[in-house]
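A short worksheet on the structure shown next.
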Number of protein chains: 2
Amino acid sequence: MSPDLHATAAARLRDDGQRYTSNRRALVEALDEAEHPLTIPELLARRTAIPQSSAYRNLAVLERAGVVDRLVTTDEFARFELAEDLTEHHHHLICSGCGAVADVAADPRIEELIEQAVTKAATASGFRVDAHRVDLVGRCATCVA
Amino acid sequence: MSPDLHATAAARLRDDGQRYTSNRRALVEALDEAEHPLTIPELLARRTAIPQSSAYRNLAVLERAGVVDRLVTTDEFARFELAEDLTEHHHHLICSGCGAVADVAADPRIEELIEQAVTKAATASGFRVDAHRVDLVGRCATCVA
DNA sequence: CTCAGTGCAAAGGATTTGCATGCCG
DNA sequence: CGGCATGCAAATCCTTTGCACTGAG
């Protein structure tokens, strides 16, 4: 995908005083290959060489450096994806049946409106908005009762 | 607020084969009094009579019956609020500094647009949308760095 | 050498559950 | 009585952490 995805990741880690090691590169690669947020078990299944504790630790580092985002659903596992500015802005379809999370492209026209309406309401109360998240909760094709 | 909040809650529980006990009523009352989603510790602080395990168990029951919604943030605790159709539709301001969650009223005009744009995209992939969630992530007044 | 990164194993902590008891219907 | 609800305590299980070791600079 991004030819300089790894260069960007390395740079952000360097700014945070961290190295871009093979484990971290492997995690970024796995997240880049996936087209939806992955849980730790899913990540480990794709990169078996990485022990669990290293995965948790490195994902925490990558999150602090702004390379990955952690998202928490009602699912039992946290999910990880590449940071928004390294991918396309998108939203999530969260299946309340099986916990699956799929990506859905964002409509720039709507984005604009959300941004405006919502930021205005928030700043009125002294809140500084950094990002918005739009998630659709429902049933995926295989879980429709 | 809702004069028949408790009646509705009782009815929904009954449909699920459950009773509306005093513990459950106390939880619903506490959530109704609060003007933002509460964690379990916060709930217990307001209704000290309820033991932790009962709180968890009853909130799970209330969630299944559609009386409360559970929301998971990056915070360490899950948060609970009354189900959307028992309150006003609203969104959340989530502070990435302290984990606080505040409610913000929804703009019906924007709601409409989100609903349309997003549901169309989702149904295209066989996903049946039940609800949408719009969360603003940022810094609350006391956490702005 | 030095110090961040690694990996194993053990700890932490929110949430869940087993079991005996209480209570509504 | 019958079965849900309760509460205590103990178990679960995702996630974090201590510690000794390895490797890059």
Side-chain angles (χ1 to χ4, degrees), chain A residues 6 9-30 37-45 47-65 67-81 98-101, chain B residues 6-7 9-30 37-45 47-65 67-81 98-99 101:
Chain A
H6 292 300
R12 294 192 183 176
L13 283 171
R14 209 177 309 117
D15 289 349
D16 201 45
Q18 312 277 347
R19 303 185 196 140
Y20 195 44
T21 65
S22 57
N23 269 351
R24 293 173 186 175
R25 169 180 284 263
L27 289 170
V28 169
E29 273 171 3
L38 299 178
T39 63
I40 296 266
E42 286 169 350
L43 271 168
L44 295 184
R47 292 293 189 283
T48 39
I50 306 176
Q52 202 183 48
S53 68
S54 293
Y56 276 107
R57 236 180 317 223
N58 285 323
L59 286 168
V61 170
L62 289 168
E63 188 191 13
R64 258 215 330 281
V67 178
V68 309
D69 285 339
R70 171 190 305 226
L71 35 120
V72 191
T73 64
T74 56
D75 207 0
E76 48 189 337
F77 289 95
R79 287 175 182 274
F80 296 87
E81 62 183 356
C98 63
V101 178
Chain B
H6 292 299
R12 293 193 184 175
L13 283 171
R14 208 177 310 116
D15 289 349
D16 202 44
Q18 312 278 347
R19 302 181 198 146
Y20 195 45
T21 64
S22 58
N23 271 349
R24 293 174 186 175
R25 168 179 284 263
L27 290 170
V28 169
E29 272 171 4
L38 300 179
T39 63
I40 297 265
E42 287 169 349
L43 271 169
L44 295 184
R47 291 294 189 283
T48 40
I50 306 175
Q52 202 182 48
S53 69
S54 292
Y56 276 108
R57 231 177 325 219
N58 285 323
L59 286 168
V61 169
L62 290 168
E63 188 192 12
R64 258 214 331 281
V67 177
V68 309
D69 285 339
R70 169 189 308 223
L71 35 120
V72 191
T73 65
T74 55
D75 206 0
E76 48 188 338
F77 290 95
R79 287 175 181 275
F80 295 86
E81 63 183 357
C98 63
V101 179

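The analysis underlying the following values was restricted to heavy atoms, covering all of them including side chains, and did not include hydrogens, waters or symmetry mates. Chain letters run A, B, ... following the sequence lines, proteins first and then strands; every chain starts at 1.
- In plain terms, the two heavy atoms of A:T74 and B:R70 that are nearest each other are CG2-O, 4.5 Å.
- Between the A:R25 side chain and the A:Y20 main chain, no donor and acceptor come within less than 3.5 Å of each other.
- Between A:L59 atom CG and D:dC14 atom P there is a gap of 16 Å when expressed in whole angstrom units.
- Distance, A:E76 CD to D:dC14 P: 6 Å, rounded to whole Å.
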Nucleotide N/O of nucleotides 16-18 of chain D paired with protein N/O under 3.5 Å:
{"residue": "D:dG18", "atom": "O6", "partner": "A:R57", "partner atom": "NH2", "Å": "3.1"}

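- Between the C1' atom of D:dC4 and the CZ atom of B:R14 lies a distance of 15 Å, rounded to the nearest Å.
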Below 3.5 Å is the cut-off: list the nitrogen or oxygen pairs between protein and nucleotides 3-5 of chain C, distance only.
{"residue": "C:dA4", "atom": "O4'", "partner": "A:R19", "partner atom": "NH2", "Å": "3.4"}
{"residue": "C:dG5", "atom": "OP1", "partner": "A:Q18", "partner atom": "OE1", "Å": "3.0"}
{"residue": "C:dG5", "atom": "OP1", "partner": "A:R19", "partner atom": "N", "Å": "3.0"}
{"residue": "C:dG5", "atom": "OP1", "partner": "A:R24", "partner atom": "NH1", "Å": "2.6"}
{"residue": "C:dG5", "atom": "OP1", "partner": "A:R24", "partner atom": "NH2", "Å": "3.4"}
{"residue": "C:dG5", "atom": "OP2", "partner": "A:Q18", "partner atom": "OE1", "Å": "2.8"}

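- If you take CG of A:L44 and P of C:dT6, they are 14 Å apart, rounded to a whole angstrom.
- At whole-Å resolution of the value, CG in B:L38 and C1' in C:dA14 are 17 Å apart.
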Given A:L59 and A:I40, is the side-chain contact (heavy atoms from CB on, under 4.5 Å) satisfied, shown in steps?
CA-CA 9 Å; A:L59 286 168; A:I40 296 266; 3.4 Å; yes

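- In terms of heavy atoms, B:A30 sits closest to B:L38 at O-CD1, 3.9 Å.
- Taking atom CZ of residue B:R25 and atom P of nucleotide C:dC24, one finds them 14 Å apart after rounding to whole Å.
- Taken to the nearest 0.5 Å, the CG atom of B:L43 stands 11.0 Å off from the CG atom of B:N58.
- For B:R79, the salt bridge (Lys or Arg N to Asp or Glu O under 4.0 Å) partners at least two apart in sequence or on another chain are B:E42, B:D75.
- Annotation: the span from A:L27 atom CG to A:I50 atom CD1 amounts to 4.0 Å, rounded to 0.5 Å.
- Remark: the backbone N or O of A:R19 is paired with a side-chain donor or acceptor of A:R24 at under 3.5 angstrom.
- Rounded to whole angstrom, the span from the CZ atom of B:R64 across to the C1' atom of C:dT16 amounts to 14 Å.
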